[in-house]
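Notes follow once the structure below has been shown.
Throughout, a chain's letter reflects where its sequence line sits, starting with A, and its residues are numbered from 1.
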Amino acid sequence: MKNIHPLEELAASLRNKIEDHYNIKTGESDIVIEDTPNPELGDIGIGCFFLSKKLKKSPASIAEELANLSFTIPYVNNLRSAGPYLNMTLDAESLIKSLFAVISAQSNDYGLSDYGAGRQVMIEYSSPNSNKPQHLGHVRNNVLGMAVSNLLEASGYNVARVNLINDRGIHVCKSMISYLKWGNGTSPESENIKGDHFVGDFYVMFEKKAKNESGLLEEARGILKRWENGDNEVVKLWKKMNDWVYEGFDETYNRLGCIFDKVYLESETYTKGRDIVLRGVGEGILSKNKTGEVIINLDDLELEEKVLLRSDGTSIYMTQDLGTTVEKFNDYKLDKAVWVVASEQNLHFKILFHVLERLGYKWADKCYHLNYGMVYLPEGKLKSREGRTVDADSLMDELHELSKKEIIKRSRDMDDETIETTAEAIALSALKYFILKVHPRKDINFSPEDSLSLEGSTGPFAQYSYARLSSILRKGGEAVHGEPDFSLLGNPEEKKIAVLLAQYPHVVLDSANSYNPSRLALWIFEISRAINKFHHDHSVLNTGDPELTKARSGLVRIARQTLGNGLRLMGIKPLEKM
RNA sequence: GCCCCUGUAGCUCAGUCAGGAUAGAGCAGAGGUUUCCUAAACCUAAGGUCGCAGGUUCAAGUCCUGCCAGGGGUACCA
């Protein structure tokens with residue numbers, strides 16, 4: 001890390017002083033800077049528990065001793081003990097001055113670290129089937145995958161964002177047979193329907209009709225067989241329909257901001273796992289049972305044996321994933337491979353990684369399943385097969401319409417086009433923030449009503465805070481420029497913002513290391529609140545003192561920069577006006 | 001049955017990995033603030049046997065054991 005951030009400087013200095021005084025060694029992670037429960041106790045503090053064992057003294061007496069030594073520590077103008085805690089009062093002037101220098105210099109890079117430098121990580125996310133549009137579950141996956149990718153990249157890793165499209169199989173053939181029977185040669189263009197919805201409608205039609213027509217499934221299986229034999233006609237239709245779906249997906253991905261460095265297609269990888277499995281049989285690691293399936297004994301996991309290849313020699317899900325994973329490690333020199341996949345598949349991934357290890361792949365321990373909880377509607381689980389579909393596109397449309405209403409209600413000076421782009425930005429920030437503020441492992445109770453609310457801990461609230469900061473700088477003209485004199489700052493509201501800005505780099509790293517964007521979401525909410533409180537209590541442009549205006553503008557500038565950086569990592573585009 | 005996850009205020013959630021300050025927010029409901037840079041805001045009060053019961057510890061929402069409730073999984077589906 002080339003640039004030392006204020007809080008790191010402070011922690012390092014404190015650690016040195018403690019080591020020198022007691023003539024001991026401490027670990028880098030021993031000094032954990034915490035917030036105090038109450039500003040009267042100081043701005044930040046550390047618990048002295050970690051010293052207690054080494055020094056054989058009570059944490060409280062250590063804290064008192066340290067406080068009485070009156071060290072000189074950067075950005076700190078007062079040390080005091082409170083029980084087992086050593087608390088510090090920060091010096092607003094030097095802290096803000098230093099933050100201003102660092103954040104101005106780093107601008108969009110403030111918060112980035114080189115923690116993961118030189119290491120390559122792959123994030124597989126989205127992973128849709130090519131027979132229907134994406135639904136609310138995919139939205140969570142997409143949003144989570146993007147945010148985690150951004151966070152890891154911000155922490156210095158090389159990140160490969162990849163998608164694995166399940167573009168072959170019986171589900172695709174169902175849409176195909178349905179289109180052949182009832183499509184009458186129509187197309188997304190002729191019907192003016194988004195391609196993935198067009199194909200999805202035929203899939204739904206199949207499921208409905210198959211309930212009464214028992215022969216339909218047989219026909220779909222026939223199509224699958226013909227596809228596997230490379231039947232020209234079938235392959236041509238398959239390509240055509242998949243392209244329709246991909247056109248639709250591209251639109252959805254563009255709207256959400258999803259990007260991929262590489263797309264794996266199951267049709268290209270699905271046979272590769274078979275060789276791996278057969279080699280495992282040859283090496284005696286795997287075996288064939290009496291009915292002809294290749295199986296692996298999982299006694300070591302206290303699980304039932306698992307089939308890895310069907311008796312007719314065809315691949316199952318596990319076979320394909322074995323193949324794709326080996327492919328991934330062949331394509332990239334990976335230090336970490338992450339799968340963003342719902343927790344329904346926890347067992348699948350546990351077995352997948354274990355089988356890879358048993359097959360002797362040394363990199364098996366670099367595989368990580370980032371699982372996330374279900375998304376529920378008040379009515380129950382989302383299922384596209386049961387007609388109760390909340391697809392990604394209509395959800396975004398719905399949110400768009402609502403934020404548009406809110407904008408119009410407030411009757412700002414905005415032309416129609418700006419209203420549309422603003423409504424879209426607010427809608428997407430609402431959706432993304434709502435998903436990311438919840439810990440990935442938890443289920444989300446997606447109440448459409450709550451998600452549409454624009455108050456509280458939401459994306460629009462953060463956008464509002466950002467827009468107000470932008471507004472001040474826009475309207476300030478000359479008054480907000482020039483060398484700020486930060487000795488004029490130091491009220492509690494200014495200090496609160498400064499402390500949060502100083503903590504930001506740690507929040508980013510912490511979120512990245514725990515694959516948990518909700519930590520960053522919390523920080524975004526906290527600084528948004530601090531900004532609004534500051535706006536409420538203090539004026540920037542109307543202070544009557546040009547020097548104070550300049551100083552506060554400096555703080556506004558770096559707050560805006562840092563909040564914007566945080567939002568961008570969440571995949572949210574900050575709004576200058578709303 | 002067995003395995004995994006979840007259970008914190010009326011509702012939605014932080015905090016559990018790494019035990020430490022009086023368990024924090026938001027929403028809803030109650031009350032208040034606007035000649036002033038965006039009131040999509042801000043403030044105040046109220047709201048809790050941290051699912052239950054044991055245990056470990058100087059200290060447990062956090063660790064251990066058992067139980068209860070909800071969800072997921074337990075396919076030659078993906």
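A:Ile426 comes within 4.0 angstrom of a nucleotide base, judged by non-hydrogen atoms across all strands. Within 4.0 Å of A:Glu266, counting heavy atoms only, lie sugar-phosphate atoms of the nucleic acid but no base atom. The residue A:Ile407 sits close to a base: some heavy atom pair falls under 4.0 Å. Counting non-hydrogen atoms under 4.0 angstrom, A:Ser514 reaches nothing in the nucleic acid.
For A:Glu34, the salt bridge (charged side-chain N to carboxylate O under 4.0 Å, His left out) criterion is met by no residue, not counting sequence neighbours. Every residue was checked against the salt bridge (charged side-chain N to carboxylate O under 4.0 Å, His left out) condition with A:Arg468, not counting sequence neighbours, and none meets it. Remark: A:Phe50 pairs with no residue by the ring-ring contact (aromatic ring centres under 6.0 Å, His included) rule, at least two apart or across chains. Checked against salt bridge (charged side-chain N to carboxylate O under 4.0 Å, His left out), A:Asp415 has no partners two or more places apart in sequence or in another chain. Under the salt bridge (charged side-chain N to carboxylate O under 4.0 Å, His left out) criterion, A:Lys306 pairs with no residue, sequence neighbours left out.
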Output one letter per nucleotide in nucleotides 29-39 of chain B: B when a protein non-hydrogen atom lies under 4.0 Å from the base, S when only the sugar-phosphate is that close, - when neither is. -------SBBS
Summary of protein contacts for nucleotides 4-10 of chain B, nucleotide by nucleotide, where a base hit scores B, a sugar-phosphate-only hit scores S (4.0 Å, heavy atoms): -SSS---
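A salt bridge links A:Glu218 and A:Arg221; the closest N-O separation between the charged side-chain nitrogens and carboxylate oxygens is under 4.0 Å. Under the 4.0 Å criterion applied to side-chain N and carboxylate O atoms, A:Lys496 and A:Glu526 are not assigned as salt-bridge partners. One finds no salt bridge joining A:Arg15 and A:Asp30 here, because no Lys/Arg side-chain nitrogen approaches an Asp/Glu carboxylate oxygen to under 4.0 Å.
Using a 3.5 Å distance cut-off with no hydrogens or angles, the side chains of A:Tyr317 and A:Gln345 do pair a donor with an acceptor.
For the C1' atoms, the distance from B:U62 to B:A14 is 14 Å, rounded to whole Å. Between the C1' atoms of B:G47 and B:A40, the separation comes to 26 Å (whole Å).
For the side chain to side chain donor-acceptor pair (under 3.5 Å) criterion with A:Ser130, the lone passing option out of A:Asp196, A:Asn166, A:Asp167, A:Asn242 is A:Asn242.
Classified by interplanar angle (parallel below 30°, tilted 30° to 60°, perpendicular above 60°), the ring pair A:Tyr85/A:Phe49 is perpendicular. A perpendicular orientation is assigned to the rings of A:Trp227 and A:Trp238, their planes being inclined by more than 60° (bins at 30° and 60°).
Note: A:Lys132 NZ to A:His171 NE2 = 7.0 Å, rounded to the nearest 0.5 Å.
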Collect all protein-nucleotide pairs involving nucleotides 20-23 of chain B in which both atoms are nitrogen or oxygen and the distance is under 3.5 Å.
from: B:G20; atom 1: O2'; to: A:Tyr85; atom 2: OH; distance (Å): 2.8
from: B:A21; atom 1: N6; to: A:Asn87; atom 2: OD1; distance (Å): 3.3
from: B:A21; atom 1: N1; to: A:Asn87; atom 2: OD1; distance (Å): 3.2
from: B:A21; atom 1: N1; to: A:Asn87; atom 2: ND2; distance (Å): 2.9

Taking only N/O atoms, report every protein-nucleotides 56-61 of chain B pair under 3.5 Å with atom names and distance.
none

Tabulate protein N/O versus nucleotide N/O from nucleotides 25-27 of chain B, keeping only pairs under 3.5 Å, one per line.
from: B:A25; atom 1: O3'; to: A:Arg529; atom 2: NH1; distance (Å): 3.1
from: B:G26; atom 1: OP1; to: A:Arg529; atom 2: NH1; distance (Å): 3.2
from: B:G26; atom 1: O2'; to: A:Ser457; atom 2: N; distance (Å): 3.3

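Of the two residues near RNA chain B, A:Glu304 and A:Asn532, the one whose nearest nucleotide lies more 5' is A:Asn532. The 5' end of RNA chain B is approached more closely, in terms of each residue's nearest nucleotide, by A:His439 than by the other of A:His439 and A:Asp510.
Annotation: A:Phe353 is not in aromatic contact with A:Tyr368 [ring centroid separation under 6.0 Å not met].
Look at CE on A:Met318: it is 11 Å from P on B:U74, rounded to the nearest Å.
Sorted by first and then second residue, the salt bridge (Lys or Arg N to Asp or Glu O under 4.0 Å) pairs involving residues 543-556 of chain A (not counting sequence neighbours) are A:Glu494-A:Arg552, A:Glu547-A:Lys550.
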What dot-bracket string describes RNA chain B from 5' to 3', counting Watson-Crick and G-U wobble pairs whose defining distances are under 3.5 Å, with [ ] for crossing pairs and | for pairs to another strand? ((((((((.[[[[.)....(...]]]]..((((.......))))......[[[[[..)....]]]]])))))))....
